[in-house]
Peer 1: 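After the structure tokens below, expect a handful of questions from me.
This is a predicted model, so every value here is computed, not measured. Residue numbers start from 1 in every chain, and the chains themselves are labelled A, B, ... in the order their sequence lines are given, proteins ahead of strands.
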Amino acid sequence: MPRKDRSKSVATVAFPDPAWCQRFRRRLLTWFRGHARDLPWRRTRDPYAIWVSEIMLQQTQVATVIDYFQRFLDAFPTIADLADADQQQVLRQWEGLGYYRRARQMHQAAQLIVQQHDGRFPEDLQAIVALPGIGRYTAGAIMSIAWDVRAPILEANTIRLFCRLLAYREDPTRGEGQRILWALADHLLPRNHCGQFNQALMELGSEICSPRAPNCQQCPVRQLCPTRAAGLQDQIPIPSKKTVYEPLLEAALVVRRDGLVLLRHCGPDERWAGMWDFPRFTVRQPRGKAFAAEVVQRVAELTGQQVEVGEHLTTIKHGVTRYRITLVCHQARWIDGTADRDDLRWVATHQLEQVPLNVSSRKISRLIIEG
DNA sequence: AAGTCGGGGTG
DNA sequence: CACCCAGACTT
């Protein structure tokens, strides 16, 4: 149990004393040497590669990122390559990852680094945080992992881990909780091996101190954990408030003609800006004749074109983005020829990979082929 | 402080 | 289906 040490505490929460911290660091680092997963971004100290991995890993799970990381570095091996690339090329490497603003901001940041830092990733904290898409966590991660700078981090895994190490029963996502946990991150961080230590914290949170049913038997710091001692693993951390979403029903049309598929370019102020999407709109009915009639009318309103709507085929996603969206994909055949709009384009099926889509190419090709 | 981005994985 | 994920940014 952490003893009270008021001089090193924030607000009313007692931080662990020096002896506790020493044991914690030693056990964590020893455990990490034997249990660290072999992840691609752990095989390099190149700040650019680590930067790429950290941006991709923002709100995205490790298993999802691995393939994207390799392909992205193959496509853009250096900061200069990324800066020189066309934005559509960058988005194409990102398609299916989500949070596409990350890709646009990293592209922009690469150009800033070329212009302002001679193409070398800046080593100064102020300069790093000034780059678009890099906040306090990402800056700390890059600096500690690439150069072993003593910079703390706080993210999903370590928030949960720290809540349990402090038996913290307030909402850790609120301002007070964030202030306390950032202070703890700094309090625990040793002078040396900061990159290993920060990664070990995340690894422990991810692999052992999981949200539900943490594997305390395998935990290297189980004797140091007040939450385990009290048996409160399923109550700490408490769930944070969640946004309530409006239900919204959208239809996406797979409109085909002579081996071509109709796509629409999303404008700068709408969802999936800069990406290509199937013609899509909100509907009231999820299926049936009423749905078909509604689709025909909506297409006519939006494009001035007439389509025939067949039977519904596939549900490609349920529950996306800021609204709850039930997405129903229908087959249609264009009657009046190519639309007279520059945001609509017929694309050959085998050329789909040349434009960035808002879902992964794998899912699209499956949809087209099966359709 | 709350809302926005968002596809994919997990139980 | 509900919940979660190596967060940052805008309002």
Peer 1: By the side-chain hydrogen bond (donor to acceptor under 3.5 Å, both in side chains) test, which pairs, at least two apart or in different chains, include something from residues 112-126 of chain A?
Peer 2: none

Peer 1: Roughly, in whole Å, what's the span from NZ in Lys241(A) to P in dT4(B)?
Peer 2: 16 Å

Peer 1: Within the modelled atom types, does a donor on one side and an acceptor on the other bring the side chain of Tyr99(A) and the base of dG6(B) under 3.5 Å apart?
Peer 2: yes

Peer 1: Examine dC5(C): is either OP1 or OP2 under 4.0 Å from a nitrogen or oxygen in the side chain of Gln59(A)? Give yes or no.
Peer 2: no

Peer 1: Pick the P atom in dT10(B) and in dA6(C), then give their distance to the nearest Å.
Peer 2: 11 Å

Peer 1: Reckon Ala156(A) touches a base, only the sugar-phosphate, or nothing at all at heavy-atom distances under 4.0 Å?
Peer 2: sugar-phosphate

Peer 1: Have a look at Val62(A) and say if it touches a base, only the backbone sugar-phosphate, or nothing, with a 4.0 Å heavy-atom cut-off.
Peer 2: sugar-phosphate

Peer 1: Out of dA2(B), dC4(C), dG7(C), which has the shortest distance to the side chain of Arg174(A)?
Peer 2: dA2(B)

Peer 1: Quick one: does any side-chain atom of Trp20(A) pair with a main-chain N or O of Leu224(A) as donor and acceptor, under 3.5 Å?
Peer 2: yes

Peer 1: Which residues satisfy the side chain to side chain contact (heavy atoms under 4.5 Å, CB included) test with Gln105(A), sequence neighbours excluded?
Peer 2: Arg101(A), Pro132(A)

Peer 1: For Ile66(A) and dA6(C), what is the distance between atoms CD1 and P respectively, to the nearest whole Å?
Peer 2: 11 Å

Peer 1: If you count every heavy atom of other residues, nucleotides or ligands that lies below 6.0 Å from His193(A) atom NE2, does the total exceed 12?
Peer 2: no

Peer 1: Assuming nearest nucleotide by heavy-atom distance, tell me which of Arg212(A) and Gln58(A) is located more 5' along DNA chain C.
Peer 2: Arg212(A)

Peer 1: Whole Å only: how far is the CG atom of Leu97(A) from the C1' atom of dG7(C)?
Peer 2: 14 Å

Peer 1: Between P on dG11(B) and CG on Asp234(A), what's the gap in Å once rounded to a whole number?
Peer 2: 17 Å

Peer 1: N/O contacts under 3.5 Å, protein versus nucleotides 9-11 of chain C?
Peer 2:
residue, atom, partner, partner atom, Å
dC9(C), OP1, Gly133(A), N, 2.4

Peer 1: Assign Asn358(A) to base, sugar-phosphate, or nothing according to its heavy-atom contacts below 4.0 angstrom with the strands shown.
Peer 2: sugar-phosphate

Peer 1: Of all the choices, dA6(C), dG6(B), dC5(C), which nucleotide is nearest to the side chain of Trp272(A) once you look at every atom?
Peer 2: dG6(B)

Peer 1: Please work out whether the ring planes of Trp276(A) and His265(A) are parallel, tilted or perpendicular, with thresholds of 30° and 60°.
Peer 2: tilted

Peer 1: Among Val149(A), Ile50(A), Thr138(A), which residue satisfies the side chain to side chain contact (heavy atoms under 4.5 Å, CB included) criterion with Met143(A)?
Peer 2: Val149(A)

Peer 1: I need the CG-C1' distance between Leu154(A) and dA8(C), as an integer number of Å.
Peer 2: 14 Å

Peer 1: Side-chain N or O of Arg160(A) versus OP1/OP2 of dC4(C): is the shortest distance under 4.0 Å?
Peer 2: no

Peer 1: OP1, OP2 of dA2(C) versus side-chain N and O of Lys242(A): anything below 4.0 Å?
Peer 2: no

Peer 1: Is a side-chain donor or acceptor of Arg264(A) paired with a backbone partner of Arg280(A) at a separation under 3.5 angstrom?
Peer 2: no

Peer 1: dA6(C) P sits how many Å from Arg102(A) CZ, rounded?
Peer 2: 12 Å

Peer 1: Return no unless some side-chain N or O of Thr138(A) is found under 4.0 Å from OP1 or OP2 of dA8(C).
Peer 2: yes

Peer 1: Using atom P of each nucleotide, how far apart are dT11(C) and dG6(B) to the nearest Å?
Peer 2: 15 Å

Peer 1: Please compare Tyr68(A) and Gly175(A) by the position of their nearest nucleotide in DNA chain B and report the one closer to 5'.
Peer 2: Gly175(A)

Peer 1: Honestly, is Arg71(A) close enough over Tyr68(A), meaning NZ or CZ under 6.0 Å from the six-membered ring centre and within 45° of the axis?
Peer 2: yes

Peer 1: When the distance from CD of Gln61(A) to P of dG7(C) is rounded to whole Å, what number comes out?
Peer 2: 10 Å

Peer 1: Checking all strands, does Trp94(A) fall into the base, sugar-phosphate, or nothing category for heavy-atom contacts under 4.0 angstrom?
Peer 2: nothing

Peer 1: Between dG8(B) atom C1' and Tyr100(A) atom OH, what is the distance in whole Å?
Peer 2: 11 Å

